[in-house]
Every structure is written in structure tokens, then in C-alpha cells.
S.K.: 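For reference, the structure I am asking about is given below.
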Protein chains: 2
Amino acid sequence: MTAITAPIRNGVDTAQVYGTLDALKAQPEAARFEFRATNRWINGTHSRSTIQGFWGAGQEDTSREAPFVLDASEPPVLFGNNEAPNPAEIVLHALAGCLTLTIVNVAAARKVSLTDVSSTLVGVLDARGATGLDDSYRNGFEHIEVSFSIKGDAPAEKLQEIVERAKARSVVYDIVTNPVPVDVLAKVA
Amino acid sequence: MTAITAPIRNGVDTAQVYGTLDALKAQPEAARFEFRATNRWINGTHSRSTIQGFWGAGQEDTSREAPFVLDASEPPVLFGNNEAPNPAEIVLHALAGCLTLTIVNVAAARKVSLTDVSSTLVGVLDARGATGLDDSYRNGFEHIEVSFSIKGDAPAEKLQEIVERAKARSVVYDIVTNPVPVDVLAKVA
């Protein structure tokens, strides 16, 4: 166990983090995580996902007493009724949340106390792709710009290094910037 | 304007869809969409995104009277307190919502009435990647499996074709399966 002088920093229990890393080193099979979502169509562009259990650290997680319920839809200009944010916007949220928590974890490990981590994300796409009007445009985002404002008790250079390390370690940054194989199976009736 | 016999199908106003497609053909610059999210760290792994306006169809959208507020966090085994689903699970939700609404839109365009679109998504990753313990593992999902159950008034073969077409046109399926360039800028203090 690594010696820790300030176990809770940025709301992260660094002693727990190092304990988990030691456990993963000792038992690499515990590193396998299987996350899940179930989704059901409601009407039009509107659907609802339920998220609760997952496999990780060598067992089925039971820490969530109730499921999380998340909706997705579209604004009227994209044929929905604004029942929820649209899936492309939800990807921006996932990317923001992942980069932010990775920055916070990295800062805690480097004994940097943060006071503010704010970000604005912009994703640009040309709807001629997804509508099938012009195949020279892709369906998804052409690019995403993430602008962070970060404040903490470290020199600017060290905060920049934390951001770079977070990019190199973020789960969703990897999912968005690199290809993930997706199998789609359909049972139809 | 394409002639439509049943303008509302699966909750989708197909007359509006074809009207929009005609407008995009006439004015391709209206196809540019710019989606946005702003995020702020709360504590530990917990952050909150706000989603409201976007640019699309040639103007700033003002159809949402209030912002959508979405949280992200982690379960205790990943150093959070279950304040919200984690970012990787949120990606699964975005993918489910996008494939589902694309299936519904494609079915409406092909005059197929659906009665059920349900899905289960599983994303697998090895935490040795994101924790930095072993660089031979990627940070994000190694693969995602999506299992749909679809019911509607068309033969199984036609429903399968609709699923294939939705894969070929889904915004988030493209974002996840292909690389998206992401620029991360940080203003630090």
C-alpha cells in the first residue's frame, strides 16, 4: 500500500484508489468490467434507458439500490418533441463527465487540490450524412471541441500536464477518438 | 414534396421529415448542426452537464424553454458515490437512443408500423488500461454488443433491413465505431 499523506483530496479517497490499484495488480482478472444499459422505445424519437447493475472487480455490483433512468429524444427540427436531449448531445455529456472525473482523479493522485473544473463542448456535424442526402458527409460529429477552465493549487504547467494525462487515460475520450467494434443483433417478429 | 398516405407513423411526422429533406436539398448550408454541452465538476467523480441551445437548420434553436440537466459519476468500486451513471454507461444510453430513433425513423419512411423496439447493450473493458497499469489494454470499451427485439407489421426480412439501414445512418453508431477528432483546450489558473 502506497503511503498517503492526505487520503481525501478533491473528494477522491486516494487511499482507496491506491488500494484498488494494488488489488488489480495482484488479481488482474478483477479488471474486467461489463457495463450495461437496457432501452425501450416510447414513441417517435423518444426512448428510455435503465442502468443499474454491472460486472466489475470480480463480482456483480449491487451498490445501486435503484436503477438510473435516462431518456433520449430529439428537438422538433429533428422530428422529436424535446422530451430529452438528443443522443449526440448525450455523447458530449459523457465525454465531459469522463474527462472531468479523470482530471480530478489524476490531480488527487498528484496531490493537487482543485477548486474549479468547468468545460464547454461543441460537436459539429452535417445532417446531409445521417439523412442519406450526401454520402460524402459522415453521420456523426466531424469534430468535437472541448474547452476546460481549471483552477487549483498548482502551477499552470502542472495543471496542463494533468489535462494531458487525463486525455491519455479517459475511457470516453478513447471511445470517441478511436474505433470501438459494435455488434448489433436483432430478434425480429 | 413527396406524397405521403399516412403522415404520422410510429409517432414520426413523415410529412415533416420529407419537408425537411427537401429543404436541406434546396439549402445545403442548413444541414450544419452544432450541438453543445457545458459541464461543471461538483465533487469527487461527480459532475453535471447542462444542455439547451444548438445551431441547426440555419439558426440558433430556441425550442427548449429550460435546459436539460444530466449528471455523471462513478460507483464506489470506481471511487464515486453512485450520484449518477458513469460516463461509459452514458455512452451505451446514447448509442441505444440513437439506434432506436433511427430504426423508428427508417421504419416510418418505409411505411412500417412498429409496436416494440427494445434493446440491451453490453460494453466490456479492462480497467488495466484506464488505470495505467498495463498499456496493452485500451482505456475504452473493447467491444459493445447491442441486442434488439423489434416487433412490427412487416416480414422479418424487412425489419432486419431496417436495422441494417439504421446502423448505416445512426449518428452515435458512427461516433462510436469510427474515430472522431477531439481537441481539448485548457485555460488553467
Side-chain angles (χ1 to χ4, degrees), chain A residues 11 31 35 37-41 43-45 47 49 51 57 68 70 72 77 85 87 89-94 96-98 100-101 117-121 123 126-128 139-141 143-151 156 159 163 171-172 174-175 180-189, chain B residues 11 31 35 37-41 43-45 47 49 51 57 68 70 72 77 85 87 89-94 96-98 100-101 117-121 123 126-128 139-141 143-150 156 159 163 171-172 174-176 180-189:
Chain A
F35 294 111
T38 59
N39 181 279
R40 183 176 289 270
W41 174 49
N43 191 40
T45 59
S47 72
S49 292
I51 293 170
F68 298 113
L70 291 85
V77 70
E89 293 169 319
I90 294 167
V91 169
L92 297 181
H93 164 55
C98 193
T100 296
L101 72 84
V117 184
S118 300
S119 56
T120 302
L121 289 84
D126 193 301
R128 280 174 285 183
N139 301 326
F141 288 132
H143 64 92
I144 296 172
E145 194 172 291
V146 184
S147 304
F148 272 103
S149 170
I150 298 174
K151 295 184 181 127
L159 294 175
V163 174
V171 167
V172 177
D174 175 34
I175 291 171
V180 177
V182 178
D183 288 319
V184 179
L185 311 169
K187 198 179 130 193
V188 298
Chain B
F35 294 111
T38 60
N39 181 279
R40 184 176 289 270
W41 174 49
N43 191 40
T45 59
S47 73
S49 292
I51 293 170
F68 298 114
L70 291 86
V77 70
E89 293 170 318
I90 294 166
V91 168
L92 297 180
H93 165 55
C98 193
T100 297
L101 73 85
V117 184
S118 300
S119 55
T120 301
L121 290 83
D126 192 301
R128 280 173 287 182
N139 301 326
F141 287 133
H143 63 92
I144 297 173
E145 194 172 292
V146 184
S147 304
F148 272 104
S149 169
I150 298 174
L159 294 175
V163 174
V171 168
V172 177
D174 175 33
I175 291 171
V176 172
V180 177
V182 177
D183 288 320
V184 179
L185 310 170
K187 197 178 130 194
V188 297

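Owing to the predicted nature of the structure, the values given are computational and were not obtained by experimental measurement. The sequence lines fix the lettering, A, B, ..., with proteins before strands; numbering per chain opens at 1.
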S.K.: Looking at every non-hydrogen atom in both residues, tell me the closest pair between Pro87(B) and Ala94(A) and how far apart they are.
M.R.: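 That closest heavy-atom pairing would be CB-O, 3.4 Å.
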
S.K.: Checking heavy atoms, do the side chain of Ile51(A), its backbone, both or neither come under 4.5 Å from chain B?
M.R.: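 Side chain only.
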
S.K.: Could you report the tightest heavy-atom contact between Phe35(A) and Leu92(B), atom names first, then the distance?
M.R.: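 So the minimum-distance heavy-atom pair works out to O-CD1, 3.4 Å.
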
S.K.: What's the separation between atom OG in Ser149(A) and atom NZ in Lys187(B), rounded to the nearest 0.5 Å?
M.R.: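 One gets 5.5 Å once the value is rounded to the nearest 0.5 Å.
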
S.K.: Hey, which of Leu159(B), Val117(B), Asp183(B), Asn39(B) has the most heavy atom pairs under 4.5 Å with chain A?
M.R.: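 Ranked by heavy-atom pairs under 4.5 Å with chain A, first place is Asn39(B).
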
S.K.: With chain A, which of Thr45(B), Val77(B), Ile90(B), Val188(B) has the greatest number of heavy-atom pairs at distances under 4.5 Å?
M.R.: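 Between Thr45(B), Val77(B), Ile90(B), Val188(B), the count favours Val188(B).
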
S.K.: Output the option from Glu145(A), Lys151(A), His93(A), Glu89(A) having the highest count of non-hydrogen pairs under 4.5 Å with chain B.
M.R.: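 Max contact count across the listed options: His93(A).
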
S.K.: If I take atom CZ from residue Arg40(A) and atom OG1 from residue Thr120(B), how far apart are they, to the nearest 0.5 angstrom?
M.R.: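 Going from the CZ atom of Arg40(A) to the OG1 atom of Thr120(B) covers 9.5 Å.
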
S.K.: Sort Phe68(A) into side chain, backbone, both or neither according to what part of it lies under 4.5 angstrom from a heavy atom of chain B.
M.R.: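 Contact with chain B is through the side chain of Phe68(A) alone.
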
S.K.: Using non-hydrogen atoms only, which part of Val180(A) is less than 4.5 Å away from chain B: side chain, backbone, both, or neither?
M.R.: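 It is both, since atoms from each part get that close.
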
S.K.: How close do Gly97(B) and Ser47(A) get, counting heavy atoms only, and between which atoms?
M.R.: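 Minimum heavy-atom contact is CA-OG, 3.6 Å.
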
S.K.: With a 4.5 angstrom heavy-atom cut-off, which part of Val172(A) approaches chain B: side chain, backbone, both or neither?
M.R.: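 Only the side chain of Val172(A) comes within 4.5 Å of chain B.
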
S.K.: Just so I understand: if I count every heavy-atom pair under 4.5 Å between each of Cys98(A), Ala96(A), Pro85(A), Ala57(A) and chain B, which residue has the most?
M.R.: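 Ranked by heavy-atom pairs under 4.5 Å with chain B, first place is Pro85(A).
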
S.K.: Between Val163(B) and chain A, which part of the residue has a heavy atom less than 4.5 Å away: side chain, backbone, both or neither?
M.R.: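 Contact with chain A is through the side chain of Val163(B) alone.
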
S.K.: Search all heavy atoms of Thr100(B) against all heavy atoms of Trp41(A) and return the closest pair with its distance.
M.R.: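 Closest pair (atom of Thr100(B), atom of Trp41(A), distance): CG2-CB, 3.8 Å.
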
S.K.: Is it true that a side-chain atom of Asp174(B) and a backbone atom of Asn139(A) form a donor plus acceptor pair closer than 3.5 Å?
M.R.: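 Checking the backbone N and O of Asn139(A) against the side chain of Asp174(B), a donor-acceptor pair under 3.5 Å is found.
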
S.K.: Between Ser147(B), Ala127(B), Ala72(B), Ala156(B), which has the largest tally of heavy atom pairs under 4.5 Å with chain A?
M.R.: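 Heavy-atom pair counts peak at Ala127(B).
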
